[in-house]
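First the structure, in the form of structure tokens, and then the observations on it.
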Amino acid sequence: MKNVLNVKNIYASIGGKQILKDVCFDISENEILGLVGGSGSGKSTAAKVITGLLKPDSGSIELYGRKLSGKRSRKECGSIQMVFQNPESSLNPKYKIGKILADAMSFQLRLSREEIAKRSADLIRRMELPEDTLYRYPGSFSGGQKQRIALARALSVEPDLIIADEPTSSLDVSVQLRMLDLIKEIKEERGLSILFISHDLGVINYLCDRVAVMKDGRIIETGDRGSFFEAPKTEYGRELLSSVPRI
Amino acid sequence: MMGLLILLALTAPYICRYDPMAQDLYATLKKPMTEGHLLGTDQLGRDILSRILYAARTDLSVMAAAEVFPFFAGTFIGMAAGYFGGRADAVISLITDTFIAFPYYLLVIVVAFMTGAGIHGIIVTFMIVGWLVYARVAKALAASFRNTEWVEAAKLLGYSDLRIIAFEIFPNVLPQVVVVLMTDMAALLVSIVTLGYLGIGISPPTPDWGSMISEGQSLINTAPYLSLIPGFMVVYTGIALSLIGDGLADRWRR
Ligand SMILES: Nc1ncnc2c1ncn2[C@@H]1O[C@H](COP(=O)(O)OP(=O)(O)O)[C@@H](O)[C@H]1O
Ligand SMILES: [Mg+2]
């Protein structure tokens, strides 16, 4: 399968402190890579570097084999989108959902008004959101709904890769499960690549095709979901597995 | 409340039967409610109602003129400083802290001496110092938003910094800066009136509430209404402004 994202030898620091050390991994088309690791291991920092919000000290990020430079073009920005952990602050509280989606699409894809209206309605339906979603402000939705709106915003600009940084960790179990199923279905429908960040191995096992384990800013092992959950290659991997109940 | 005042000020030339500067030495110091002069006349026989309304025109328009530029400039500079952080923030903080330590009335008096007393001095002075409060408030708010996910999401969509400041952050800063605007306008009105009262603001014979209060002061025992009426107008306007501020703040709280 074709590689969509290659992360090569990334070193990155925040405030002079080195956080990421020689981080390497890749993601193929129609694949969900689960990035696991304890809190503070550098997962969110890795997401920031890939999206371009944080400049790495060295190393490169390649999208379909093309190196992304420091200053990204409009198209390059649109091709990597993100769903964040905290639903409460993911959407600008002053804009109706319709406007948030329309702005994103008109800026990234230069679509006509009619096309935007049609796509917005389709997305809202696909995300199983209420009919009137487009006419409401973010404040009036539940956490789970906000996360699905954030996912809709990410999808609206037709990205190649979506990074989801613990998008369900603040949601109730049943809401969480529905969101995970949606992510899985969308991936199949669109052949998307997804980097799914979580510290919850149950979630990773349920959702991902492959797993990468991060510890202290390094990727210490990567492998297929099956083989990782059967027999982790590293001591830390075994530790992680034994510390959670199997689901 | 404010709307009524602005309406009256705007329509003053149509509703007033008297020229606010026309003297009528045969009809001085008429009490309010006398025939033909609803609020009476002053020591030079000028119609008080006309003067009050024309003064509203002057005072309110000086207030507005002196607020518009500082409001937008301060808000924008503050948002940029808060959004970019780092060095931009440090420079702006240095400037605001320096200026805020400087006594405002002293500056007004200095500028008034340079430009001569009157409307221009007030407007110029306020343009120099007025933006500071907005910059402070906007900077603090923008700094609190800069690392939120909705700002990061906007960056990921490739929106420019200018667009993020003007269209993502500004709507979130607007409610608070408007509340500041209302408070600040009330304070500015008081200083316009104070300067008029001290004789270094809007200069007579142009009607201004401040000079009306001071002209009436010498007759405070015989004709208290000369000072009380313009004084009441200042209080009325101040209350109206703060009610607008509160009302808008409530409406925007979401
Ligand atoms: N804004 C920041 N300032 C200073 N240190 C930070 C900042 N953000 C993250 N870090 C540090 O970077 C490390 C990795 O954080 P993060 O990438 O958020 O981990 P994870 O997402 O795996 O929990 C942590 O040790 C954290 O203390
Ligand atoms: Mg994290």
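Proteins get letters first, then strands, A, B, ... in listed order; numbering begins at 1 in each.
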Notebook entry, point to check: Does B/Glu168 come within less than 4.0 Å of B/Arg163, counting only side-chain N to carboxylate O?
Noted result: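 Not counted as a salt bridge, because no side-chain N and carboxylate O are separated by less than 4.0 Å.
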
Notebook entry, point to check: Side chain, backbone, both or neither: which part of A/Lys48 has a heavy atom under 4.5 Å from chain B?
Noted result: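 For A/Lys48, the contact with chain B is made by the side chain alone.
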
Note to self: Less than 4.5 Å to any heavy atom of chain B: does that hold for the side chain of A/Leu53, its backbone, both, or neither?
What the structure shows: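 Looking at A/Leu53, just its side chain touches chain B.
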
Note to self: For a side-chain contact (heavy atoms from CB on, under 4.5 Å) check, start with the C-alpha distance between A/Asp26 and A/Leu5, then their side-chain angles and the critical distance, and finish with the verdict.
What the structure shows: CA-CA 5 Å; A/Asp26 42 55; A/Leu5 180 79; 5.9 Å; no

Using a cut-off of 6.0 Å, state whether more than 12 heavy atoms not belonging to [X] lie near its atom [atom1].
X        : atom1 : answer
A/Phe141 : CZ    : yes
B/Phe84  : CZ    : yes
A/Tyr64  : OH    : yes

Next item on the list: Identify which of A/Ala150, A/Ala104, A/Ser140 forms the greatest number of heavy-atom pairs closer than 4.5 Å to chain B.
Entry: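 Heavy-atom pair counts peak at A/Ala104.
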
Notebook entry, point to check: With respect to chain B, which residue among A/Arg153, A/Gln81, A/Met82 yields the maximal number of heavy-atom pairs within a distance under 4.5 Å?
Noted result: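 Most heavy-atom pairs under 4.5 Å with chain B: A/Gln81.
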
Note to self: Under 4.5 Å from any heavy atom of chain A, what part of B/Phe145 do you find: side chain, backbone, both or neither?
What the structure shows: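 For B/Phe145, no heavy atom lies under 4.5 Å from chain A.
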
